[in-house]
K.L.:
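One structure, pasted below without further comment.
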Amino acid sequence: MREEAVSVNEVFERYDVGSEVFVRGWIHRIFKVGGKIFAWLRDSSGIVQVVFDKGVLNNVDWESIERLSRESSIGVKGVIREDPRAPGGREILASNVVIYGYAPPFPIRGGEDIEYLLDIRHLWLRSRQMTAILKIRHTILQALKEWLVRNGWWEVTPPILTGSAVEGGSTLFEVKYFDKPAYLSQSAQLYLEVLIYSLDKVWSLTPSFRAEKSRTRRHLSEYWHLEIEGAWYDMEDVMKVAEDMVSYAVRKTLEERRKELEFLGRDVKKLEPALQTPYPRITYDEAIEILRRKGFKIEWGEDYGADEEKALTEEFDRPFFVTHFPKKIKAFYMKEDPNRPEVVLGFDLLAPEGYGEIIGGSQREDSYEKLYNRIIQEGLNPKDYEWYLDLRRYGTVPHSGFGLGTERLTMWVAGLEHIRDAIPFPRWRGRIYP
RNA sequence: GCCGGGGUAGCUCAGCCGGGUAGAGCGCCGGGCUGUUAACCCGGUGGUCGGAGGUUCAAAUCCUCCCCCCGGCGCCA
């Protein structure tokens, strides 16, 4: 049977009752009752009930219909009928069927534990929840890229294989690179800093890798990192970029993926405050004050932990910035505040509802001497940073940038419990299959 | 890396404390049902109890070591 196929949602939205259509997809549920067989046919757009009635089918062996099971792939030609007993109020009365593939008993029926589901992730991804999340993820990525391109930012492609440790070192994945060791990139930042000298405003979307054996619901070993870097941007300029981009992504998701958000049970009202910019800004000093008021024992100079971060997010109904961190808890490349040498011009953007950090950024140190001294202070080898230091020797400029964890953003927008569901094939703690 | 929980049938779990030769539900197979919505009813099928040692007449159960998974912390996006 060679027919022009229509999608499931078109059965409900485009065609009238009484039209004959050809739809194809996978059997989501199937019930055999009396003389009829009811199948829910799923494609990427939705689910529609198909009714197989022996008396209506043309030239089809009934036994081949009886053998159909969940996840069998079929094409069905038939007339659209209205019936209140069908999900969505419509069904297709099959007159012709093409069977592409039968399926053995499907291992997912509900109630399976997480380890098992992760082992059969390749099948789990067919679920409607996962499909909804993948669509939301698509829209968020699309929105972020769209915002950047429309606002004059150049997309660039930094390397994933790198020759030396950038920040710590212990959290890098080491790979063989011909006869030398190499590392999978943790961040494109240093390469983006190179490229602003020719393109001014650049961004990249790449996987970043962390070998840390994290044991939390907010960490992945491989995640999709959106990073930007802009010449002539100070910290406040780049924070504006961050809030405009994030609010745009939330707006677009609310406009285009409302159905999916609601299917996941996301309370969309909680996302609406995030449409309004500017986002609140507090300094690290103020964050410490708030935490002390809430009963936390924390000294100025300490980094706040997960519990503290969560408590902070409860103070706001939309994403908010924390700025001006103590120098000693932040990376060597962050620019020292000229008015307060003990803090740096760095910021985090934290999502509300306990989700926490989704962006980390800073104005970068642009003085050769200061950067060199920070490298020494951190116990790093300046030789490893020769090319990076060169950027400050040949026409240095003030510049800033940030990195956004796309799964973290997706997790908050979609209201997910665990970051592993914000990416189709999560990698962490040794999980590498499938 | 640290703390806590767990690994028994294809899946979800009970049995373990007080050792006595492995059980339920679901699935699957067979039968029944003229409209199902995680369908329902009747019958049947199903196990190297995570691995290796040890104690014992006897170990899923007690002891030792190891492996794997989940949740939290640290680290971060």
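We name chains A, B, ... by the order of the sequence lines, and we start the count at 1 in each one.
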K.L.:
Using the C1' atom as the reference point in each nucleotide, state the distance between B:rG44 and B:rC63 in Å, no decimals.
P.N.:
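Their C1' atoms lie roughly 42 Å apart.
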K.L.:
Starting at CZ of A:Phe296 and ending at P of B:rC73, how long is that distance when rounded to a whole Å?
P.N.:
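Nearest whole value for this atom pair: 12 Å.
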K.L.:
Starting at CD of A:Glu309 and ending at P of B:rC73, how long is that distance when rounded to a whole Å?
P.N.:
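Atom-to-atom, A:Glu309 to B:rC73, this comes out as 10 Å.
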K.L.:
With distance as the sole criterion, is a donor-acceptor pair present between the side chains of A:Tyr248 and A:Glu146 under 3.5 Å?
P.N.:
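Yes, side-chain donor-acceptor contact under 3.5 Å.
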K.L.:
Does NZ or CZ of A:Arg374 fall inside the cone over A:Tyr333's six-membered ring, less than 6.0 Å from its centre and within 45° of the axis?
P.N.:
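Geometry flag: not set, cation outside 6.0 Å or 45°.
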K.L.:
Checking contacts here: which listed nucleotide (B:rU12, B:rA77, B:rG74) is nearest the side-chain heavy atoms of A:Glu357?
P.N.:
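My answer, after comparing the listed nucleotides, is B:rA77.
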K.L.:
What integer distance in Å separates A:Lys54:NZ from B:rC33:C1'?
P.N.:
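Answer to the nearest Å: 14 Å.
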K.L.:
Round to a whole Å and report the spacing from NZ of A:Lys328 to C1' of B:rC75.
P.N.:
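These atoms are roughly 18 Å apart.
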K.L.:
For the pair A:Met235 and A:Phe347, evaluate side chain to side chain contact (heavy atoms under 4.5 Å, CB included) and give the outcome as yes or no after the intermediate values.
P.N.:
CA-CA 8 Å; A:Met235 179 168 78; A:Phe347 66 93; 3.8 Å; yes
K.L.:
Find the distance A:Lys36:NZ to B:rU36:C1' and express it as a whole number of Å.
P.N.:
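Nearest whole value for this atom pair: 11 Å.
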K.L.:
Under the 5.5 Å and 30° test, is A:Tyr223 stacked on the base of B:rA77?
P.N.:
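Check passed, A:Tyr223 stacks on base of B:rA77.
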K.L.:
Give the rounded distance in Å between these two atoms: CD of A:Glu115 and C1' of B:rC69.
P.N.:
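These atoms are roughly 4 Å apart.
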K.L.:
So which one's nearest nucleotide on RNA chain B is more toward 5', A:Ile358 or A:Pro84?
P.N.:
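Upstream on the strand: A:Pro84.
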K.L.:
In whole angstrom, what separates A:Leu118's CG from B:rC68's C1'?
P.N.:
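Value for this atom pair: 14 Å.
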K.L.:
Which residue, A:His418 or A:Thr216, contacts RNA chain B at a nucleotide closer to its 5' end, judged by nearest heavy atom?
P.N.:
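Final value for this comparison: A:His418.
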K.L.:
OP1, OP2 of B:rA77 versus side-chain N and O of A:Arg210: anything below 4.0 Å?
P.N.:
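For B:rA77, OP1/OP2 do not have a side-chain N/O of A:Arg210 under 4.0 Å.
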K.L.:
Figure out the CG/P separation between A:Leu404 and B:rC76, and round it to whole Å.
P.N.:
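It is 17 Å, rounded to the nearest whole Å.
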K.L.:
Mind checking the P distance from B:rC41 to B:rG47? Whole angstroms is fine.
P.N.:
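After rounding to an integer number of Å, I get 26 Å for this pair.
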K.L.:
Does B:rG72 have OP1 or OP2 under 4.0 Å away from a side-chain N or O of A:Arg217?
P.N.:
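For B:rG72, OP1 or OP2 has a side-chain N or O of A:Arg217 closer than 4.0 Å.
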K.L.:
Protein-nucleotides 7-10 of chain B N/O pairs closer than 3.5 Å?
P.N.:
{"unit_1": "B:rG10", "atom_1": "N2", "unit_2": "A:Arg109", "atom_2": "NH2", "d": "3.3"}

